[in-house]
K.L.:
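Please read through the structure below; I'll follow up with questions.
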Amino acid sequence: MPVYGGANGQGFWLRLMQRIHVDIPLLSGLLLLSLAGLVVLYSAGGQSLEVLGRQLVRLGLAFTVMIVLAQIHPQHLQRWAPLMFSIGVALLVAVLLVGDVGKGAQRWLELGAFRFQPSEMMRIAVPMMVAWYLAERNLPPHPLRLLAAAALTIVPAAMIAKQPDLGTSLLIASSGVFVLFLAGMRWRHIAVVGGLIGGFIPIAWSMMHDYQRQRVLTFLDPESDPLGSGYHIIQSKIAIGSGGLYGKGWLNGTQSYLDFIPERSTDFIFAVLSEEFGLIGIVVVLSIYLFIVMRGLFIASQAHDTFTRLLAGSLILTFSVYVFVNIGMVTALLPVVGVPLPLISYGGTSMVTVMASFGILMSIHTHRKLVPT
Amino acid sequence: MARPLLKDYFRESKILNNRIIVASVIIVILTFAVISRLFYLQILSHDHYTTLSQENRVTLVPIPPQRGVIYDRNGIVLAQDAPAFSVEVTPDKIENIDVMLQALGEVVSLSDREIKRFRRELKQKRRFEAVPLRFNLNDEEMARFAVNRYRFPGVEIKARMVRHYPLGELGVHALGYVGRINEAEQKKLDTNYSGTTHIGKLGIEKAYESVLHGTVGVEQVETTAQGDAMRVLGHVLPVAGKDLYLTLDINLQAVAEGALGGKRGAVVAINPKNGEILAFVSRPGYDPNLFVNGISYEDYDALQTSLDKPLINRVLQGQYPPGSTVKPFYALAGLEYNKITPGETVSCRGYFQLPGLAHRYRDWKKEGHGAVNLDTAVAQSCDVYFYTLAQTLGIDAMATFMAQFGLGKKTGIDVPGEMMGVMPSSAWKRKVLKQPWYGGETLIAGIGQGYVLTTPLQLAAITATLANHGFQMRPHLLRGTHDLGSATMMAQKPVVSKRVPVANGANWDAVINSMVSVVHSPRGTAYGIGVKSPYKIAGKTGTAQVASIKQGERYKESETPERLRDHALFVAFAPVEDPQIAIAVIIENGGHGSSAAAPVARTVMDYYLRDLVEAAHNKQSAAIPSPVSVKAPATVPVPVMPPSTRPPVTSGSSL
C-alpha cells in the first residue's frame, strides 16, 4: 500500500477512503458530474430550489447506495447472482400480472408505501448472471454456452419491452451482450448475431406499439410532423444549434425557459446544457464522462478474476451506452427512446441503479482477491 | 468454488484486455462522432438555428392605431372611438362550456344568435385564445357580472375601442359607418391592418379610410411555447389616424331632417362659393351603430325590406326626373344660343302641338298662361313656353348645354357610390336604347321629364353653379384634416371644375331674375315662401311625374295612391345678391314642389341665414311673427359647441 506524505489530514482522508472501499478518481469524476448536473438542473427546473433539493436528496441516497455496495465483496455478488436473477425474473412476471400503470406503461410494483421498479434491479442482475454463467468455464465460451447466455439476456429484456419500456429493455440487452463481447465471443459470431438482428427488425416493427413506431418514423424525418411528434426533436435541435460555441449563458436559454424544450429537466436536459453553455460546456461534460468510462474500463482490466472483469466491463460499457443513447436522441442521431442522461437528468430510480453499478465497480477495484483453497 | 477445472487466467485476461481496448477505441470514436454532430449543429448551423430560436421567442403583436375622429364644420363630434365592454371566454380555463353558458346567461343576457356565433368562433381558435361572447355590455350587466365574477373563472370583461356615432341616424348617409373587416376585404389589406378589426364600409368612413386609419404599431413580446406573453422587448407606437372636419353643419342637417318630417326624400345644401356641402339629407335613415359589430339578421331584414328603403342614399343614388326645376337652365341655353330674348313672348293656350300632329302636349294649367315672356314663363312654370323653346333648340343643343352644367355626369363628390343621372340626346338614345329620337321626346325633355334623370346632389350642384354665374365648384364633404397634437387644420382647397361658357353676362341676370320672380312675384309658383322673406331668394319649383297620365285624363292627387303621386321638387339659392347657400329638395310622392318642397328649403335657408333673419326681425320690430319657425327636431338633440371650445381652424371662411 502506497504511503502518501504530506499533512496528516490528507493522509487521514485517503486512509478513510481506502477503508470504505472508495475509488477516489471515480468518486471525483462522479461528484464533478453531479455538480455540473445540479447547475444545469437549476436552470432547466425553472430555478426551483425545491427541484434542486429533491435532486440533492436523490444524489445523497444514490451515493449512499454506492458506498454500501462498495463494501460488499465481489465474491458474495458472484454467489448471489443466480438468486438475484431469479427473484428479478419473478418480479417481472408479477409486474406484468399485477403491475401499476404509470405514464401509459406498466413498470411499477406497489409494495405497501414503497414503489419498486423490478426492471431497474435487472439492469444489474442480468450482467451479473451472464458473467456468473460464463465465468464458470474457460473463455472464450463455447457457442452453445453463448446461446444459453444470450437466452439469459433476451428473456428479461423481452419482458421489459412488453411493459413497455423500450429504453431499459435495450440497455439490459446490451449489458448482457457486453458480457458476451468481453468474454471473447468470436467476431464471426458477432457478425452472425448482427445479421440476425438485422433480420429481426421487420419482426420487431410488427410487434411495436404505435407510439414506438411513431418515434422511429419521426426520428427518420422529424420535419414531416413539425407540430406533432417531430416537435420535440426540432425544438431540441434549435436549442442546441442556437447555443453556438459559447452558449447563451446560464439561465439565459430562451428555448428552455420559454418552454420550447420538452421534458427539459429530464430526458432532454442535454439540450438545455447545449443551449446555455454551448459547445465548450458540452466538451467539458463529455470529458468528465469519458474520464469516468475510461476509469471504469481500467478497473475492469485490473480486476482479479473473470467474473469481476466481465461484470465491471459490462457495467461501465452500459453506462457509456446510456450517455450515447441520450445524446444521440437529443441531437436527432437516434430515435427518442426515453433514456435519461445519467447523473444530470432529474429523476430517481435510474440514478440509484447507476450509482449502485459504480459501487460494484469500486468494490471490485478495492477488495483483495480471496485466494481459493 | 468446487470446480475441478483449472482456469487459464493468463489467456482469459489477454482476451478481456483486448476486448477492453477495442471497446475504448469504439468509445473514443463515438465521442468524436457526437462532438462532430454538435459541431455541425452549434457551429456550422448556428445562424440557422439562432434565427429559428429568435422566431420562436419573439412574437410581434400589432397595436392598432386609434381611428381619427370625425367632426362637423363647427367641431361637433359625429364619429369617435369609444371604449365598449365585452365578455370574453378563454376555453382552456373552462371545465364545461355548456354549464358556464347556462349560468352566465342568468347574469348577462345572451341571445341564441350570440351563442351560435360564439360556438362557431370557438372551433376556429386555439384553446388558450380568448373568444368574445357578448359585445356592448350595459352598466347593469357590468355590475351584475362584477358581483358574480368568482363563479366564472376564465370569463373576463375586456374593454375594446369601438366606433360610436353619438348622433345616431343624423347625417348617416354622408358619414357612412365602419363594420368588421370581411374576408374579401381582408385579402386586399396589407400588414398595416394587422391589428385592426373594423374598416370604413360606406360614406366618409369609406372614402377617407386611409386618412382615418393611421399606422399600425407593433409590440415585440417574448412568448412561451404555450403563447403566454412573458415580457415586452420593445415597441413601435402606432400613429393615430387624422381627424376629419366635414363641411356639414350638423345643426343645419338636423333642421333639414326635421323639416322633412316623416317624409321620404332628400335635401342637399351647398355653399356655392366653394362647393362645401352644408347639409346632406336622405330620409329615412338608420342608426349606423347597428352595423359596427355586425347587424342582427332581424334588424337588417327590417331595413332591407322596408318600402321606405332607408338604406338607399337618395342624395347620391336617387335618380329623379327634375321636372320644371331645369327650366331656368333651358332658358339660359335659349338666350346663349340666341334662340330667344328675355322680352320675346309666347302665347300659351294650355297645350302645344307639333306641326301636323294631333297629339296635345298639355300645360299644367289647362286654361293656359296667355302671353308669357321668359320671366313670367319661369315664374309661373309655363310648360308651353318651354315646349316651344325645346322645339326651337332641339334635343342635341339642349343636351350639349346641360352637359356643361354637369347633368348626366358625376359631380365628383368625395364619397363613393354616386350615380350619373341621364341627360338624353339623339346619340344617347341610339347608343343606349338602340332607337331613333322622336320629336315629341324633345318636348318632354324640355320640361324635365321623360328620359331626363338627376340626383338631388346634381340638382343642388347645378343650382350652385347658376348662383355662381357659371363657376363650378366641385361639391365635397371634407373641409380639412387635423393631425393629433397639431394645432392647425390642413384645409382642403376648393376645386373649380370649370366655368360654364356664357358669352353675355346679362343672360345670367335674366335667368336669375326670373327665378327671383318664382319666389317673390305674386304670381310666382313659390310665392308662399317668398312673401315675407327677409332676404331675396331665387328658386324654381318642380313636380316630377311618377305615373303616366293618359291623353285627356286629369291627374288628381287625392285620387292617386300615395306611392304613385308626383315627387315634389324645389331648387333655390339665397341671398340673390351674394349667394351663400344653394339648395335642392326632393320629397318623394310629396305632390307639388310649391306646397311641399319649397317650405322645407325656406326652413333650411332661414336657419343658415339666421343672422339676416334676426337683423330683419329687429329692424321690423317684434310685431311681425316669423313665417317659419326655426328649430331643430325634438327627437335629435344636437349639442352646439360654444365658440370658445371649438378646435382651432386656421383657414375658416376663406375656403
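Protein chains get the first letters and strands the later ones, always in sequence-line order, with residue 1 at the start of each.
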K.L.:
Let me know if B:T223 has heavy atoms under 4.5 Å from chain A in its side chain, its backbone, both or neither.
P.N.:
backbone
K.L.:
So, the side chain of A:R309 versus the backbone of B:N17: is there a donor-acceptor pair under 3.5 Å, distance only?
P.N.:
no
K.L.:
Rounded to the nearest 0.5 Å, what's the gap from CD1 on A:I240 to CD on B:Q42? Could you check?
P.N.:
7.0 Å
K.L.:
How long is the gap from OG on A:S320 to CG on B:L30, to the nearest 0.5 Å?
P.N.:
8.0 Å
K.L.:
Looking at B:I27, B:V34, B:T50, which has the largest count of heavy-atom pairs under 4.5 Å with chain A?
P.N.:
B:I27
K.L.:
Does any heavy atom of chain B fall under 4.5 Å from the side chain of A:I238, the backbone, both, or neither of them?
P.N.:
both
K.L.:
Side chains of A:Y257 and B:E222 only: does a donor on one sit below 3.5 Å from an acceptor on the other?
P.N.:
yes
K.L.:
Name the member of A:T331, A:T254, A:L245 that forms the most heavy-atom pairs with chain B at distances under 4.5 Å.
P.N.:
A:T331
K.L.:
Where does B:R57 contact chain A at under 4.5 Å (heavy atoms): side chain, backbone, both or neither?
P.N.:
both
K.L.:
So for atom CG, which belongs to B:N182, do other residues, nucleotides or ligands contribute more than 12 heavy atoms lying within a distance under 6.0 Å?
P.N.:
yes
K.L.:
Would you say the side chain of B:I20 lies within less than 4.5 Å of the side chain of A:L182, judging by non-hydrogen atoms?
P.N.:
yes
K.L.:
Would a 4.5 Å heavy-atom cut-off, applied to side chains only, mark A:M294 and B:V28 as touching?
P.N.:
yes
K.L.:
Just how far is it from atom CG of A:L317 to atom OG of B:S24, taken to the nearest 0.5 Å?
P.N.:
8.0 Å
K.L.:
Supply the atom-to-atom distance B:Y40 OH to A:L279 CG, rounded to the nearest 0.5 angstrom.
P.N.:
15.0 Å
K.L.:
For chain B, find which of A:S242, A:A239, A:A183 contributes the most heavy-atom pairs closer than 4.5 angstrom.
P.N.:
A:S242
K.L.:
Name the region of A:Y246, side chain, backbone, both or neither, that has any atom closer than 4.5 Å to a heavy atom of chain B.
P.N.:
neither
K.L.:
Between CD1 of A:I282 and CZ of B:R37, what distance do you get to the nearest 0.5 Å?
P.N.:
11.5 Å
K.L.:
I need the A:I327 CD1 to B:T31 OG1 distance, nearest 0.5 Å.
P.N.:
8.5 Å
K.L.:
Could you tell me whether B:Q54 atom CD has more than 12 heavy atoms of other residues or ligands within 6.0 Å of it?
P.N.:
yes
K.L.:
Please determine, by modelled atom types, if A:K248 and B:S53 share a side-chain donor-acceptor pair under 3.5 angstrom.
P.N.:
yes
K.L.:
Decide yes or no for A:L258 and B:N56: does some side-chain heavy atom of the first lie under 4.5 Å from some side-chain heavy atom of the second?
P.N.:
no
K.L.:
Need one label for B:L52: side chain, backbone, both or neither, based on atoms under 4.5 Å from any heavy atom in chain A.
P.N.:
both
K.L.:
For residues B:A23 and A:F181, report the shortest heavy-atom separation together with the two atoms involved.
P.N.:
CB-CE2, 4.3 Å
